[in-house]
Amino acid sequence: MTRFTAAFGKPRTALVAFITAGDGDTAANLDALVAGGADVIELGMPFTDPMADGPAIQAANLRSLAKGTTTADIFAIATLFRARHPDTPLVLMGYANPMTIRGDDWFAAECAKAGVDGVICVDIPAEEDPELGPALRAAGLDLIRLATPTTDTARLPAVLSGAGGFLYYVSVAGITGQQQAAQASIDEAVVRLKAATDLPVAVGFGVRTPEQAAQIARVADGVVVGSAFIDIIAEHGDAAAPYVETFTRSLVDAIHGAKEIAA
Amino acid sequence: MTDLPNSLRTGPDERGHFGQFGGRYVAETLMPLILDLERHYRAAQADPAFKAEFDYLLKHYVGRPSPLWFAERLTEHLGGAKIYLKREDLNHTGAHKINNCIGQILLAKRMGKTKIIAETGAGQHGVATATVAALFGLPCTIFMGAVDVARQQPNVFRMKLLGAEVVAVESGAKTLKDAMNEALRHWVANVHDTFYIIGTVAGPHPYPELVRDFQSVIGDEAREQILEAEGRLPDMLIAPVGGGSNAIGLFHPFLDDADVEIVGVEAAGEGLDGKHAASLAGGRPGILHGNKTYLLQDEDGQITEAHSISAGLDYPGIGPEHSWLHEIGRVRYEPVTDAEALASFQKLTKLEGIIPALESAHAIAAAERIAPTLGPDKIIIVNCSGRGDKDIFTVADALGVEL
């Protein structure tokens with residue numbers, strides 16, 4: 001059993017939490033996410049040109065880079081996280097250039113060494129899978145693919161081929177942290193995706209409140225929250241951890257409640 | 001296509017790659033649209049009516065063919081090879097950019113898209129896009145870095161007169177690459193009704209291919225014109241390269257003529273050991289804005305800022321086909337500094353009565369370096385890709401003149 005199957009195998013919907021590496025006190029914030037009950041962690045690799053991100057995560061990328069965060073720092077953060085939290089799945093999420101610049105084999109080997117479970121690369125679609133996919137799979141890592149409202153049924157098999165860990169449904173055609181999708185469109189999409197794959201389906205983009213998370217939790221296997229955590233870190237800087245933990249717990253409580261309603 | 005199997009003109013492959021370069025490195029949301037664009041482009045290529053409308057607009061609206069001018073006084077002054085200038089500066093809107101905009105807006109119409117967006121650096125592509133949007137009556141939004149908005153006010157005003165909305169981009173370094181990021185962000189949220197007119201031979205496949213095809217009118221004409229003037233092909237082509245659309249437009253029809261030497265000119269800014277925009281000379285392969293190509297970047301793959309006196313060359317990447325032509329050695333890429341371009345800007349103006357764009361002045365500077373080393377029986381075609389009226393404020397500032 002992988003860490004992913006364990007995390008998504010619990011009798012409730014999983015909370016997938018995203019923060020940007022090197023923005024604020026990352027180690028403390030990661031601990032706060034786990035303490036608050038997050039089931040899966042996505043650790044963002046900062047990039048100078050985060051084309052798929054809205055203003056909140058763009059700013060987090062730039063804050064991190066301005067502090068001098070390097071790729072080596074990110075792997076150090078991941079390695080120490082794995083030592084403290086042996087069971088929580090850790091995903092690196094980011095853009096192709098920082099991931100591939102030293103070679104796909106190098107990146108896959110560093111991920112494996114650091115105890116990373118999976119990778120989400122925003123700008124490597126299924127068509128460019130040879131860039132990173134084979135190296136990650138050979139190193140025993142899951143390549144987590146994104147499906148979107150524009151991913152039609154004809155295209156879905158290509159997206160799912162070589163995918164692992166979970167399927168990340170980007171519920172809005174747009175950038176991170178903006179408007180939320182209509183719940184009916186999410187319900188419809190999750191049903192369609194789950195009919196096409198055995199992978200757990202996590203839904204994200206624009207999910208900012210416990211109420212929204214609870215709505216999604218009624219149908220999805222996971223709920224992804226990112227920009228709302230980034231806002232907390234932007235507001236509280238290096239002292240954000242207690243606020244991160246409180247907010248995490250409020251999301252988890254809402255998600256638990258949703259499952260009870262559904263049951 | 002009647003290309004021989006060993007032609008250099010058959011790229012990209014079916015996955016959009018030129019060797020290891022190019023490709024479709026975009027978010028999943030955009031992928032279906034990129035595939036749809038490719039399908040529509042293939043259909044347009046096979047449709048004689050599409051080419052007829054393109055040719056009609058180039059002739060009657062843009063004013064093509066642009067002349068091939070024998071620069072006799074410049075040639076005498078340099079005392080070497082004969083220099084011809086391909087006068088893209090005489091096109092409507094003053095540069096080669098319009099060729100591509102005409103082609104893409106016809107595609108937009110074909111695809112039933114009702115809104116146009118584009119990125120711009122100096123504002124030339126923005127003006128060309130706003131122009132065709134006005135001509136076709138489509139609403140148009142131009143993304144431009146806030147720093148560029150401040151230093152290119154005349155072009156901002158032109159775009160507004162043409163009816164475009166200009167969005168000043170405040171993210172990142174607030175210049176061209178950030179404008180492109182923001183245009184991509186807008187596009188991803190509006191894919192259902194919006195067409196993105198990319199201004200150069202970069203971005204995800206099929207953009208580098210279709211922009212090249214629309215710009216190849218430059219080289220097709222030049223080939224015909226030099227055969228008429230001289231009865232033979234030139235010995236050398238020279239063109240400036242930022243993203244590289246004017247250059248690939250001139251080069252592509254000559255790639256299989258092994259006796260034609262081809263030189264692309266990169267902006268070396270303050271020099272290759274200082275701030276510059278020479279992606280091939282000073283960068284290495286990476287992935288940005290939908291394609292794999294040479295990029296200015298640090299050891300972690302973070303993109304670094306480009307610099308050139310010419311805002312149109314001020315971009316940390318280059319079109320993927322240029323990266324490939326560089327790696328296989330078919331095209332030689334040479335750096336030219338701000339100071340050299342500035343000197344050539346003034347020289348061409350005085351000797352030929354032609355004020356070139358600062359971009360084009362980089363190619364003139366390379367010609368000045370090379371022409372004297374060749375005999376008078378040799379022929380060089382230089383792409384005068386745009387006119388320099390837009391640059392007079394920058395040049396005055398560099399020369400310490402107050403306007």
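Order of the sequence lines fixes the chain letters, A, B, ..., with proteins taken first and strands second; residue numbering starts at 1 for each chain. No hydrogens, no waters, no symmetry mates; every other heavy atom, side chains included, goes into these values.
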Interchain contact, [X] with chain A, by part (heavy-atom threshold 4.5 Å):
X: B/P204; result: neither
X: B/H289; result: both
X: B/E170; result: neither

Heavy-atom proximity to chain B below 4.5 Å, by part of [X]:
X: A/P46; answer: backbone
X: A/Q58; answer: side chain
X: A/I175; answer: both
X: A/T151; answer: both

Under 3.5 Å, side chain of [X] to main-chain N/O of [Y], donor-acceptor pair present?
X: A/R102; Y: B/G301; answer: no
X: A/T48; Y: B/Q302; answer: no
X: A/N97; Y: B/I287; answer: yes
X: B/R185; Y: A/D53; answer: yes
X: B/D300; Y: A/T71; answer: yes

Between [options], which residue shows the highest count of heavy-atom pairs closer than 4.5 Å to chain B?
options: A/D152, A/N61, A/D123; answer: A/D123
options: A/A72, A/P125, A/A96, A/A126; answer: A/P125
options: A/P55, A/P50, A/G54; answer: A/P50

[atom1]/[X]: more than 12 non-hydrogen atoms of other groups inside 6.0 Å:
X: A/K194; atom1: NZ; answer: yes
X: A/K67; atom1: NZ; answer: yes
X: A/D198; atom1: CG; answer: no

>> Looking only at heavy atoms and a cut-off of under 4.5 Å, which of B/V26, B/L295, B/N190 has the most pairs with chain A?
In response: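 Answer, by heavy-atom pair count under 4.5 Å with chain A: B/V26.
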
Rounded to the nearest 0.5 Å, the CE atom of B/M31 sits from the OG1 atom of A/T148 at a distance of 11.5 Å

Taken to the nearest 0.5 Å, the spacing of A/T150 OG1 from B/L30 CG works out to 7.5 Å

**OP:** Give a yes or no on whether a salt bridge exists between B/R15 and A/E128, defined as a side-chain N under 4.0 angstrom from a carboxylate O.
**Re:** yes

| Is the closest basic N to carboxylate O distance between A/R145 and B/E28 below 4.0 Å? |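 Here A/R145 does not pair with B/E28 in a salt bridge, since their nearest N and O are not under 4.0 Å apart.
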
Item to complete: Verify side chain to side chain contact (heavy atoms under 4.5 Å, CB included) between B/M180 and A/M51, making sure each step is shown before the conclusion.
Response: CA-CA 9 Å; B/M180 196 152 183; A/M51 288 153 293; over 6 Å; no

Trace of the side chain to side chain contact (heavy atoms under 4.5 Å, CB included) decision for A/Y95 with B/L288: CA-CA 9 Å; A/Y95 292 84; B/L288 180 70; over 6 Å; no

